[in-house]
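Following: one structure in structure tokens, then a few remarks.
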Amino acid sequence: MTSSLGNEQIPIALPSADSSALLSARGVQLLRRLREWAESMGPDFAPQVTEAAALALAASAPWSTADELVPPAKVGLWMQVADDRFDRASLEHRDVPALAQRCIHLAHGAGHDPADTLERALADVTSSLSGCRLHAALAPLWAQRFSLMMRAWCFEWSALRALAEGGTPIELDTYLQHHHSFGLGPICVAWWMSTGEPDLTAHLDILLPAVDAMELAVRLANDLRTADREHHYGGSVNALLLGADQQDIDALINRQLQHCHALLRPPTDKGLRTAIALGRMADWLVTFYRVTDARLP
């Protein structure tokens, strides 16, 4: 069986009906928990942005329970709401670096403002992570990857500001060096905290480069999907808006995806579930963004 993906016909290996039902049920269970949390956080946490996080995690690790997937799903949902806040701050010419530094302090345990929805939600996220079984081993890494994401957001803000003031667009390679702006690092480390094997830290030398390769591929797939929206609304940097060629981007997506899988092959062959799930997530996200994104109808 084949399906259309843009102008390309791709073969699809149909899973059995019961396997599809299991994935769907797990996704629904996780989505219910995420929506309950989103509603408790306030109107900024719109139901729409819960969908992609729930589906990606459920499809990538079908052996995990919904409760195990809630912590990384909360991180993903928080990041989408925070991304909106940062985009608004950029368009309104507010101090984005100060906002990023505030979030970094909160991620390291600083007291939050209960009246601020974003701060209250981040405090709840870090509290959820503290109950995960690998929290002690991975908390410093999570804070580091969170900080990398915040700094990448600040870089994009400064690049947009320079462009608005008549400056030269940044080079594509420079843009891609800040791929951490997509935020898969904090999501994956939170995921590992909750579901990772006891010896997971022994595999970080493979897992982290694989996350970086996946993030580059997904970043670019997302850019292809959202370029029209970004051109209309502004607030974000995008590879196509920087003048990159779509065919070149497609080729780079495929190379990074292949690199991700090559890195993961040894632990995957040994049955490391974390590596298997990471490879599944890479494929799921790239395919997802080639069809739609979390905010499109």
Query raised in the report: Thr195 and Arg133: which non-hydrogen atoms are nearest, and at how many Å?
Result: O-NH2, 3.0 Å
Report task. Would you mind listing every ring-ring contact (aromatic ring centres under 6.0 Å, His included) that reaches into residues 58-82, with sequence neighbours excluded? Result -> Trp78-Phe146
Report task. Could you go through the salt bridge (charged side-chain N to carboxylate O under 4.0 Å, His left out) check for Asp116 and Arg120 one step at a time? Result -> CA-CA 6 Å; Asp116 187 300; Arg120 184 161 56 89; over 6 Å; no
**Report entry** For Met150 against Phe86, the heavy-atom pair lying closest together
**Finding:** SD-CZ, 3.7 Å
Report task. May I have all residue pairs that pass ring-ring contact (aromatic ring centres under 6.0 Å, His included) and include part of residues 100-119, sequence neighbours excluded? Result -> none
Query - Pair Arg219 + Asp212: basic N to acidic O under 4.0 Å - result: no
Report summary line: Applying salt bridge (Lys or Arg N to Asp or Glu O under 4.0 Å) to Arg26 and not counting sequence neighbours gives none
Report task. Would you name the heavy atoms of Asp245 and Leu240 that are closest together and state the gap between them? Result -> C-CD2, 4.5 Å
Query raised in the report: Looking just at side-chain N and O atoms, do Thr292 and Arg225 make a donor-acceptor pair shorter than 3.5 Å?
Result: no
Query - Shortest non-hydrogen contact between Gln256 and Ala217, atoms and distance - result: CB-CB, 3.9 Å
**Report entry** Whether Ser24 side chain and Ala21 backbone form a donor-acceptor pair below 3.5 Å
**Finding:** no
Report task. Compute whether any side-chain donor of one residue and acceptor of the other, for Glu156 and Ser181, lie under 3.5 angstrom apart. Result -> yes
Query - Donor-acceptor side-chain pairing of Asp67 and Thr65 below 3.5 angstrom - result: no
